[in-house]
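Here is the structure we will look at, set down as structure tokens.
Everything numeric in this text was worked out from a predicted model, so none of it was measured.
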Amino acid sequence: MSTAIEIRSAVKRYGTTTALHSISLEIADNEFFTLLGPSGCGKTTLLRCIAGFEDLNEGEIRLFGRDIARLDPNHRPVNTVFQQYALFPHMTVLENVAFGLKMKGMGLADRTARAGKMLEMVHLSAFANRMPAQLSGGQQQRVALARALAPEPKVLLLDEPLSALDLKLRQAMRVELKTLQEQSGITFVFVTHDQEEALTMSDRIAVMSQGRVQQVGSARDIYEAPVNRFVADFIGETNLLEVTVDTVSGAVAKVTLPGGQKITCPAAQGVMPGKHHLSIRPERISLAAEGELEAVVERIVYLGTDLQILTHLTTGEAFHVRMQNLARIALPAPGDRVALQIEEGAARLLAD
Amino acid sequence: MKGVRHYPGFLAMAVACLAILYVPLIVVMVYSFNDSTSITTWGGFSWRWYADVFTGPEAPRFKAAAWNSITIAVLAASAATTIAVAASLAMIRGGRFRGKSATFALINLPLMVPEIVTAVATLIFFSTIALTTGYMTILIAHVVFCIPFAYLPIAARLQGIEDSYEQAARDLYATQWQAFRLVLLPLMLPGVVSGFLLAFIISLDDFIITNFVKGAGMETLPTAIFGSVKQGIKPNIMAISTMMLAVSILFVTLSYYVNRIGQRTRS
């Protein structure tokens with residue numbers, strides 16, 4: 001697979017604050033790649049640097065091998081879907097979609113035909129002559145997509161494009177976006193703070209925090225094998241326990257749990273014997289007759305499909321367990337002492 | 001909380017203010033239709049003073065002055081609007097630069113400086129650089145004092161336009177100029193038109209500065225009217241004043257509605 005975008009040691013500073021600390025990333029051709037992180041983590045800044053709305057202070061951005069970091073936005077073969085769509089309010093839907101083609105010098109007949117095809121693709125042919133203000137949020141979103149895809153960019157950049165939609169529409173658009181990406185064969189770089197969005201659509205995800213990439217991997221990688229506390233905590237729910245690492249051999253470590261029990265578990269790279277954090281997903285723990293941890297139940301939260309059991313360990317730490325809401329389960333009552341059994345391989349030792 | 005209407009003396013105060021503002025205007029308008037050579041006694045309705053403005057002994061003077069006023073207003077408003085568009089782009093889209101607040105103050109200072117001071121200073125300036133007073137000096141002076149009036153509605157409009165529109169245009173392969181001409185300028189247009197109309201009416205209306213820099217033999221409508229009044233107020237002055245008032249009201253109303261349409265089309 002060839003590389004669509006290669007970012008090398010990208011640094012962006014605003015005055016004395018650094019928004020991007022030497023970011024390096026490779027995004028493969030035809031990949032749905034997501035930049036995920038909380039607000040202020042630098043994900044949008046990085047996207048704007050790729051689009052050309054911001055200039056890097058240092059580093060390179062290579063698009064299929066060519067450094068584009070110093071080019072104006074109109075000379076970069078990438079297009080953007082903006083968070084608030086930024087459809088031109090004084091142009092019709094068709095004129096909006098044809099705008100990029102017009103700027104590229106395509107004749108009226110050709111660009112009208114192509115823009116019409118793009119509108120067909122997003123099921124909005126009937127709205128070609130409307131003004132953007134006459135469309136619903138979901139329709140505007142699809143026009144923005146059609147407009148950005150019409151000039152056949154090599155890479156499509158999407159800046160939280162679903163955040164302005166309501167929940168149902170957002171879920172439908174996720175599927176539509178993913179399908180569109182697979183059909184068009186264009187590399188998508190998608191920015192979001194919504195982990196569910198990231199997990200459901202992406203081929204790979206870069207988790208960002210404080211201007212740094214914390215981890216890059218598939219949804220399964222970052223959920224099941226987080227490298228550090230930030231990633232483990234940001235993606236999904238987890239229990240973080242401070243443990244003592246006795247020995248490390250390769251990717252496996254022997255650790256002592258707070259209660260004194262010893263277990264063997266997978267470890268992230270760079271773990272050394274000493275104090276470290278162990279991440280245990282709440283759905284990979286079960287209540288059993290005996291287990292590695294002892295806890296007292298505080299309360300049981302009913303979530304519909306699931307039940308959340310809030311406990312604290314006998315050594316003091318808060319600990320959540322999540323289980324499917326099955327009729328046959330006999331539930332403990334608040335105040336009960338329970339044993340918690342950690343599924344084989346479910347506990348993961350973190351680097352920091 | 002009580003509305004302002006319930007404060008003691010509100011009604012009397014409001015009526016007094018409105019009367020002082022508008023009764024003189026109404027008197028002028030009504031007496032412009034007076035069929036009498038006296039300006040104080042009513043002699044029945046007539047259009048004669050309007051006819052007098054166009055055909056009477058003073059007609060050639062008024063026509064020449066009106067032509068000067070209108071051409072100067074159009075040219076000055078056009079130049080001031082162009083400068084104001086450029087200034088608002090620099091101020092609002094130009095990012096941070098040294099002396100930005102000083103620049104803002106400089107653009108708007110003409111609104112605060114007493115006009116008579118500007119008039120004297122402008123005259124001294126023109127004579128220092130040995131520019132003969134006349135049509136050209138009036139035009140230059142008008143361009144200058146029209147800029148802040150054109151700037152205010154244009155800058156207000158631009159402030160409300162998100163910069164993602166221009167970014168979207170640039171992203172879709174538009175050059176900086178194309179992004180301005182095809183996207184930003186159309187979005188700014190209501191503010192630009194509004195600024196032009198305001199500048200036009202301010203120029204058309206100006207007396208003090210014009211009177212200082214116009215030079216001998218050169219008249220605009222306000223200075224021509226003032227010249228006539230010095231020889232005694234005749235009813236034709238009321239007719240011509242009423243016409244100017246009508247034009248002013250028309251333009252200000254137009255400017256207001258253009259701005260309102262702009263607000264409705266925004267996002």
Roughly how far apart are Phe53(A) CZ and Asp171(B) CG, rounded to 0.5 Å?
-> 4.0 Å
Looking only at heavy atoms, the pair that brings Ala86(A) and Ala168(B) closest together is O-CB, 4.0 Å
Side chain, backbone, both or neither: which part of Gln167(B) has an atom under 4.5 Å from a heavy atom of chain A?
-> both
Chain B contact via Met91(A) - which portion, at a heavy-atom distance below 4.5 Å | side chain
How about Tyr256(B): does its OH atom have over 12 heavy atoms from other parts shown lying under 6.0 Å from it?
-> no
How many angstroms lie between atom CD of Gln84(A) and atom CD of Glu162(B), to the nearest 0.5 angstrom?
-> 6.5 Å
Applying a strict 4.5 Å limit to non-hydrogen atoms, the region of Leu87(A) in contact with chain B is backbone
Nearest heavy-atom pair of Tyr173(B) and Pro151(A): which atoms, and what distance?
-> CE1-CB, 3.5 Å
Over all heavy atoms of both residues, which pair between Arg170(B) and Asp72(A) is shortest? Give the atoms and the distance, please.
-> NH2-CB, 3.6 Å
Over 12 foreign heavy atoms within 6.0 Å of NZ, Lys100(B) | yes
Do Gln176(B) and Asn74(A) come within less than 4.5 Å of each other through their side chains, counting heavy atoms only?
-> no
Are the side chains of Phe88(A) and Leu187(B) in touch, meaning some heavy atoms are under 4.5 Å apart?
-> no
Under 4.5 Å heavy-atom distance to chain A, tell me which part of Leu189(B) shows up: side chain, backbone, both or neither.
-> neither
One should read off an interatomic distance between Lys104(A) NZ and Leu172(B) CG, to the nearest 0.5 angstrom, of 10.0 Å
May I ask you to check whether over 12 heavy atoms, not counting those of Met136(B), lie within 6.0 Å of atom CE?
-> no
Counting only heavy atoms closer than 4.5 Å, note whether Arg76(A) contacts chain B via side chain, backbone, both or neither.
-> backbone
Are more than 12 heavy atoms from other residues, nucleotides or ligands located less than 6.0 Å from atom NZ of Lys102(A)?
-> no
Per-residue contact mode, Ala179(B) against chain A (heavy atom under 4.5 angstrom) = neither
